[in-house]
Structure formats: C-alpha cells, structure tokens
Amino acid sequence: IESLVQEYPMDMRYQVILGDVYLQNGKKQEAYDVYQKVLAAEPDNPMAIFSMASYYKQTGQEGLYQQQLDTLLLNKKVTPDTKVNVMRQMIVENEQADKDSTQIIALFDRIMKQEQDDPQIPMLYAQYLLSKNMEAESVPVLEQVVDLDPTNKAARMMLVGTAVRKEDYKQIIKVCEPGIEATPDALAIAYNQAEQPDSVVSICKRALEHTTADSKKEVVSDFYSILGDMYHTQKQMKEAYAAYDSALVYNPSNIGALNNYAYYLSVERRDLDKAEEMSYKTVKAEPNNATYLDTYAWILFEKGNYAEARIYIDNAMKSDDEKSDVIVEHCGDIYYMTGDVDGALS
C-alpha cells in the first residue's frame, strides 16, 4: 500500500486505505496522521470521513464518533450512494453487536430532517422500519419515497399492502391514483400477493364503493380488472366477463383487461372476433410483449388463420426470455397446423 501511495500521490483512495491498514494493525497514531493529511487536502472526502469515524470508535471517543458520522451523513456534498452504503454498514454492525434499533432510527431521523431529493435513503429507512415490525412508522417514509420517485413499484406495493391489511379503502385509492400511470400493475401485484381470491373480491368491491365522481377512471378500471382476474380464478366466467366489460367502460385502453378478456374468450372458443379486436389493441400498444403476442397468435389459431398465427407466435417466442410453457406449447400446436410436424415435435 505504501508503494501505491508513492506511485499515485494524488489519488487519495490509496492514502485512506493505508490509514485503514495502519488502524487494523494497531498503528493508531499513523492512521490518524494519514486521515488528517487527506482531510486537509479534501475536507469532504467521504472515505476519509468514514475512516476517521472508525478511528474515533476504536479509540473510544464516542462523542467525536457521532460528530464524524453527522459530518458524513448530513453533508450535501456526499452522494446518496455513499450515505446508503454507510447506513447499511452501520445497520450490519448494530445487528452484529446485538444492540437495539433506537440508535439507527435516531440517525435515520436526523438524516430525514434534511431535504431529500433522492429516494435511496428513505427507501432504506422504510425497509429497516418494516424489518423491525414498525409498519405504521414506515408509511410516511414510504409516502416520501413515492413522492420522490413515482415509478417506485416496491414502495407503492408496500403502501397498498399496509392499506389492505388495515382495510383502509380510501387510503388504497389515494395510494393507487398517483401511481396508476407510473406503475399500473403495482395494484394488481399487491392484491395478488397479499390476499386469497375471496378476500380480493370483497376488497375490490368495497374499494369500488368508496370511489367517487372525482376518482381517476384508470384506478376504477384497474379495480374491475382485478375483480375479473379473481372471478376467473374461481371459474365464475359470467362475473369475470362482466367485470372486464366494466373495466373497459372506465378505461378502453386498459391493456391488462383487454389481454385477459381476449385470452379467456379464446380458451372458451367464443366471441372470437371480439377477442381478436381486443387482443390486437394490446399488440399494437406493446409489440414486443410476449404474453400479448401469444394471446393474439392463439386467437388467430382458434379462428383457423394458421399462417398468420405462426408469424405472431414466432415473435412471442423471440420476445419471451423465460420461455413460458404455455407459449412454447401454443407454438407447437400452431407449427403442427401449418404442416411443420418436426418443428412442432421439437
């Protein structure tokens, strides 16, 4: 390390590492001198600030240790990535020392008092609170995350999950509305993960009772779409189709509802012209979506348009990284009907 420092005297990383090696080997004064030299040249160097904090901790200077951490974590010039890494390290050290969570929470709270313009620290804080079973405390932090990053599906799903467990239907709608454009499937995923079909049906119905004339049509449409999916899992097809019809009244461009409605009709071999029309809209909207391409290919297959079905199933196979068994099986059936028996078998 000393020879690296000599070779690259302007690269402060090697100097900090030299200090760390001194500290690990009990050469505390040498470590201190190196860190101070780096901080004299670069007062905001995050590596040196953090190493200096470790020095104070090892030498039992608790007050200076806390002060040094504040210098790092409350410093606007330190990147969010660095702060997150430091907080992760502190959480690990805290768990290993079997200490309670009050110190970590107090530190997060001090950071959160500053204006946040990046969602990483709030997201880490929310995950930490949830790991400590502090769900209620995590809600305002998660709300801050989705304010900073409306596309953060994980945070929105956690908020939906909390609202579902509390049966707070107004909160469910409030959480879903701003995110419907940013993360349209978060609502469906949260419900499908959180509950059994019966519970989801009752939750959706009760949430729909709480919608008003001012509620976003896309949100209402999504609730009906989820209702349709749940009725389908319960083999209540009449109710499923009625729910999809309602979803499409509120939002004729609800891609998920269009695809599922069309596919279930094709499986029952009914209303195939209507199914084809709905499915075509989804393929037009997302031409590389393997699921939508597969649905469209299968409807064409059911209508006997085998050559055209083959074009779309080939595109589905190209777009499907995970090679879903349904898509591959459909591919075999379509190849067989176009006379490609070997292709079907393979």
Side-chain angles (χ1 to χ4, degrees), residues 1 4-5 8-24 28 30-59 61-97 99 101-132 137-138 140-155 158:
I1 298 292
L4 275 169
V5 169
Y8 303 102
M10 300 313 289
D11 192 331
M12 296 298 161
R13 281 176 311 165
Y14 296 126
Q15 307 226 18
V16 177
I17 294 168
L18 176 62
D20 293 346
V21 175
Y22 280 147
L23 195 59
Q24 284 159 16
K28 289 176 184 164
E30 288 90 334
Y32 178 84
D33 292 342
V34 170
Y35 298 147
Q36 289 302 310
K37 185 180 161 193
V38 173
L39 289 168
E42 291 181 10
D44 291 315
N45 184 304
M47 275 180 78
I49 295 170
F50 188 58
S51 291
M52 202 63 227
S54 302
Y55 167 82
Y56 287 134
K57 193 172 180 68
Q58 281 200 29
T59 52
Q61 303 179 68
E62 194 60 35
L64 287 170
Y65 166 67
Q66 291 296 341
Q67 203 178 319
Q68 199 67 17
L69 279 181
D70 285 359
T71 306
L72 182 63
L73 295 168
L74 307 180
N75 187 339
K76 285 229 186 282
K77 291 180 184 171
V78 175
T79 66
D81 287 2
T82 303
K83 290 180 184 180
V84 165
N85 287 336
V86 169
M87 284 309 297
R88 282 208 182 107
Q89 198 167 328
M90 293 198 63
I91 290 167
V92 169
E93 285 172 9
N94 196 67
E95 297 292 316
Q96 284 171 346
K99 291 182 181 170
S101 52
T102 49
Q103 261 186 320
I104 298 290
I105 289 170
L107 194 48
F108 267 123
D109 284 339
R110 290 219 299 285
I111 301 169
M112 294 294 288
K113 282 200 178 97
Q114 290 192 301
E115 195 181 329
Q116 300 293 320
D117 50 16
D118 184 279
Q120 290 185 75
I121 283 280
M123 189 64 185
L124 182 64
Y125 187 20
Q127 288 166 329
Y128 183 71
L129 288 169
L130 286 166
S131 76
K132 299 295 171 191
E137 290 82 354
S138 75
V141 185
L142 287 166
E143 285 174 343
Q144 194 170 352
V145 173
V146 293
D147 281 346
L148 289 166
D149 175 17
T151 63
N152 192 315
K153 190 186 291 184
M158 288 175 198

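Keep in mind it's a predicted model, so treat the numbers as computed, not measured.
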Among all residues two or more places apart in sequence or in another chain, which pass the side-chain hydrogen bond (donor to acceptor under 3.5 Å, both in side chains) test with [X]?
{"X": "S54", "value": "none"}
{"X": "T82", "value": "T79"}
{"X": "S131", "value": "none"}
{"X": "Q61", "value": "T59"}

Please round to the nearest 0.5 Å and tell me the distance separating atom [atom1] of [X] and atom [atom2] of [Y].
{"X": "I111", "Y": "K83", "atom1": "CD1", "atom2": "NZ", "result": "7.0 Å"}
{"X": "L142", "Y": "Q127", "atom1": "CG", "atom2": "CD", "result": "8.5 Å"}
{"X": "Y125", "Y": "I105", "atom1": "OH", "atom2": "CD1", "result": "5.5 Å"}
{"X": "K37", "Y": "Q15", "atom1": "NZ", "atom2": "CD", "result": "4.5 Å"}
{"X": "L64", "Y": "M52", "atom1": "CG", "atom2": "CE", "result": "8.0 Å"}
{"X": "I91", "Y": "I104", "atom1": "CD1", "atom2": "CD1", "result": "5.5 Å"}

Heavy-atom pair of closest approach, residues [X] and [Y]:
{"X": "Y128", "Y": "S101", "value": "OH-CB, 3.0 Å"}
{"X": "Y14", "Y": "I1", "value": "O-CG2, 3.8 Å"}
{"X": "P122", "Y": "V141", "value": "O-CG1, 3.2 Å"}
{"X": "S51", "Y": "V16", "value": "OG-CG1, 3.4 Å"}
{"X": "Q103", "Y": "E62", "value": "NE2-OE2, 4.4 Å"}
{"X": "L39", "Y": "I49", "value": "CD2-CG1, 3.8 Å"}

- [ ] Could you list all the salt bridge (Lys or Arg N to Asp or Glu O under 4.0 Å) pairs where at least one residue sits in residues 104-114, not counting sequence neighbours?
- [x]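 Sorted pair list: D70-R110.
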I'd like to check the ring-ring contact (aromatic ring centres under 6.0 Å, His included) partners of [X]; sequence neighbours left out, ordered by chain and number.
{"X": "Y35", "value": "none"}
{"X": "Y22", "value": "none"}
{"X": "Y56", "value": "none"}

TODO: Taking the side chain as every heavy atom from C-beta outward, state whether L72 and P46 have any pair of such atoms under 4.5 Å apart.
DONE: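 Side chain of L72 against side chain of P46, heavy atoms only: contact under 4.5 Å found.
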Task: CA sep, side-chain torsions, deciding dist, call: E42, M47, side-chain contact (heavy atoms from CB on, under 4.5 Å) - done: CA-CA 10 Å; E42 291 181 10; M47 275 180 78; over 6 Å; no
Open item on the list: Does D20 form a side-chain contact (heavy atoms from CB on, under 4.5 Å) with F50? I'd like the steps, not just the answer.
Closed with: CA-CA 10 Å; D20 293 346; F50 188 58; over 6 Å; no
Mind checking what makes salt bridge (Lys or Arg N to Asp or Glu O under 4.0 Å) contact with [X], not counting sequence neighbours?
{"X": "D147", "answer": "none"}
{"X": "E95", "answer": "K132"}
{"X": "D118", "answer": "none"}
{"X": "R13", "answer": "D11"}

Open item on the list: Go through it in stages, so that I can follow the logic: the residues are L124 and Q120, the test is side-chain contact (heavy atoms from CB on, under 4.5 Å), and I'd like the CA-CA distance, side-chain angles, deciding distance and then a yes or no.
Closed with: CA-CA 6 Å; L124 182 64; Q120 290 185 75; over 6 Å; no
Task: Test item: K99 side-chain N/O and E93 main-chain N/O as donor-acceptor pair under 3.5 Å - done: no
Task: Main-chain N/O of V145 paired to D149 side chain as donor or acceptor, under 3.5 Å - done: no
